[in-house]
Amino acid sequence: MAASVSVMDPQDWLIRLERRAQLRATAGLARELRPRGPRDDVIDLAGNDYLGLARHPDVVAAAAAALREYGLGATGSRLVRGATDAHAALEAALADLLHQPAALVHSSGYLANLGAIGALVAPRGVVLIDAHAHASLHDGCRLSGARVERFAHSDVAALRAELARHVSSPVVVVTESVFSVDGDLAPLCELHAACRDAGAVLLVDDAHALGVLGPGGAGAVVDAGLAGEPDVVVTATLSKAVGAAGGVVAGPAALRRHLVDTGRTFVYDTALPPSVAAGALAGLGLLRDADDKRALARARARQAFGVLRDAGFDAREPAAGVLSIAAASAQAAVAWATACREKGVAVGCFRPPSTPDATSRLRLTINAGVTSSDFGHALDVVIAAAP
Ligand SMILES: Cc1ncc(COP(=O)(O)O)c(C=O)c1O
């Protein structure tokens with residue numbers, strides 16, 4: 001007699017997903033998509049619009065003009081459909097600002113990171129990544145197919161020890177500059193010295209420093225005097241201080257050439273819409289002249305740190321515009337962020353796996369476009385709403 005074959009219920013996978021959703025809910029790790037109207041009725045300390053440029057009339061006008069000329073979608077990759085003047089001008093402006101020989105725009109910062117790491121990794125290569133680096137950097141390492149090792153957060157001695165273990169392999173070292181969840185700054189010069197001694201390449205994701213740190217908002221790599229070094233590559237998103245969307249890989253011209261020929265997240269991805277490229281270019285122009293807003297954002301981050309620390313909270317000293325405050329648990333973080341929102345203040349709520357350690361936290365991202373009185377009020381709300 002033939003053995004009976006057990007046929008899976010076609011709904012099994014849905015039942016599994018439902019169980020996992022319940023487990024996440026029990027652990028306080030469910031996420032919620034809240035509706036958002038065109039006019040925010042909250043004080044925004046959750047978004048990444050550090051300089052308040054996303055709604056700047058010049059940015060909106062530049063994007064609207066390109067939208068009328070080119071239509072909405074890019075309709076294909078730039079290799080297939082051509083590179084518009086807006087893309088070319090944006091790349092020239094980015095290379096100039098970042099003091100790098102060349103820049104290649106991708107349709108997001110996430111994809112720029114995947115592309116950059118894939119390009120830098122050599123056959124039989126090794127990637128060493130800071131344990132607190134952004135998910136897109138970790139994903140880029142995984143996808144690169146290289147051997148990947150994490151080193152302890154911002155620990156130069158730990159990095160040197162890892163480099164010593166891999167002397168016979170080509171190595172890429174990956175870090176953020178300003179860390180997106182905790183807001184601290186990587187020791188870029190020391191990391192670069194370790195890379196230089198070992199013949200490794202350093203990739204820095206400057207997402208949270210572009211526009212906020214450095215001369216003319218050129219970011220932390222320029223600020224550290226490392227821009228243009230042949231063993232340093234920079235990535236960044238245009239979705240934060242630039243107020244737009246898209247991502248960039250900046251470095252030697254040979255890297256750009258390599259990405260245009262082989263970068264999967266460039267070649268096989270529809271281009272950034274020309275309207276967004278034009279808006280980003282306008283944002284970049286404003287960003288360079290926004291020393292007052294940069295100074296304000298950084299002063300507010302320090303102000304918030306002082307106020308919250310004096311009120312007894314476990315806040316981390318911010319290097320730029322990201323202020324992180326530890327919460328007792330994932331549930332406490334959700335309750336805290338929800339209470340803030342109910343009082344009209346939007347703050348970031350970070351829980352595992354979005355936090356680099358197991359600690360849940362509130363994240364305040366400073367927006368120089370918020371009025372001083374709203375900002376002071378928002379800090380009062382954050383303190384009063386603590387569970
Ligand atoms: C450090 C860092 N890198 C990369 C990204 C991804 O950029 P994008 O949103 O443009 O994909 C983010 C978040 O958005 C980030 O915080």
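We count ligands from 1, going down the list as the structure has it; atoms in each ligand are counted the same way. Counting begins at 1 with the first residue of the sequence.
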* Nearest-neighbour protein heavy atom for atom 8 (P) of ligand 1, which is reported as residue plus atom name and distance -> Gly109 N, 3.4 Å
* Within the side chain of Asp206, is there an N or O that forms a donor-acceptor pair under 3.5 Å with the backbone of Val234? -> no
* Asked: Heavy-atom contacts under 4.0 Å between Asn113 and ligand 1: side chain, backbone, both, or neither?
  -> side chain
* Asked: What atoms of ligand 1 come within less than 4.0 Å of a heavy atom belonging to Ala207?
  -> 1 (C), 2 (C), 3 (N)
* Structure fact -> If you scan protein heavy atoms around atom 6 (C) of ligand 1, the nearest is Tyr110 N, 3.5 Å
* Asked: In ligand 1, which numbered atoms sit nearer than 4.0 Å to a non-hydrogen atom of Ser180?
  -> 16 (O)
* Below 3.5 angstrom, do we get any N/O pair linking Asp205 and ligand 1? -> yes
* Starting from atom 5 (C) of ligand 1, find the nearest protein heavy-atom neighbour and note its residue, name and distance. => His134 CE1, 3.5 Å
* Structure fact -> When distances are taken from atom 16 (O) of ligand 1, the protein heavy atom at minimum range is His208 NE2, 2.8 Å
* When you measure from the side chain of Arg351 to the backbone N and O of Ala30, does any donor-acceptor pair fall under 3.5 Å? -> yes
* Any non-hydrogen atom of Ser239 lying under 4.0 Å from ligand 1? -> yes
* Structure fact -> Looking only at protein heavy atoms, what sits closest to atom 14 (O) of ligand 1 is Lys240 NZ, 2.9 Å
* **Heavy-atom donor-acceptor pair, Arg361 side chain to Cys349 backbone, under 3.5 Å** => no
* N-O pairing of Asp49 and Lys240 below 4.0 Å -> no
* **Per-atom contacts of ligand 1 with Glu176, taking only distances under 4.0 Å to non-hydrogen atoms** => 1 (C)
* Ion pair present between Asp12 and Arg16, side-chain N to carboxylate O less than 4.0 angstrom? -> no
* Numbering the atoms of ligand 1 from 1, which are under 4.0 Å from a heavy atom of Ser136? -> 3 (N), 4 (C)
* Donor-acceptor pair, side chain of Glu176 and main chain of Ser180, under 3.5 angstrom -> yes
* Hey, are Glu317 and Arg309 close enough for a salt bridge, meaning a charged N less than 4.0 Å from a carboxylate O? -> no
* Start with the C-alpha distance between Phe179 and His153, add both sets of side-chain angles, then the distance that settles ring-ring contact (aromatic ring centres under 6.0 Å, His included), and finish with yes or no. => CA-CA 10 Å; Phe179 284 86; His153 175 53; 4.5 Å; yes
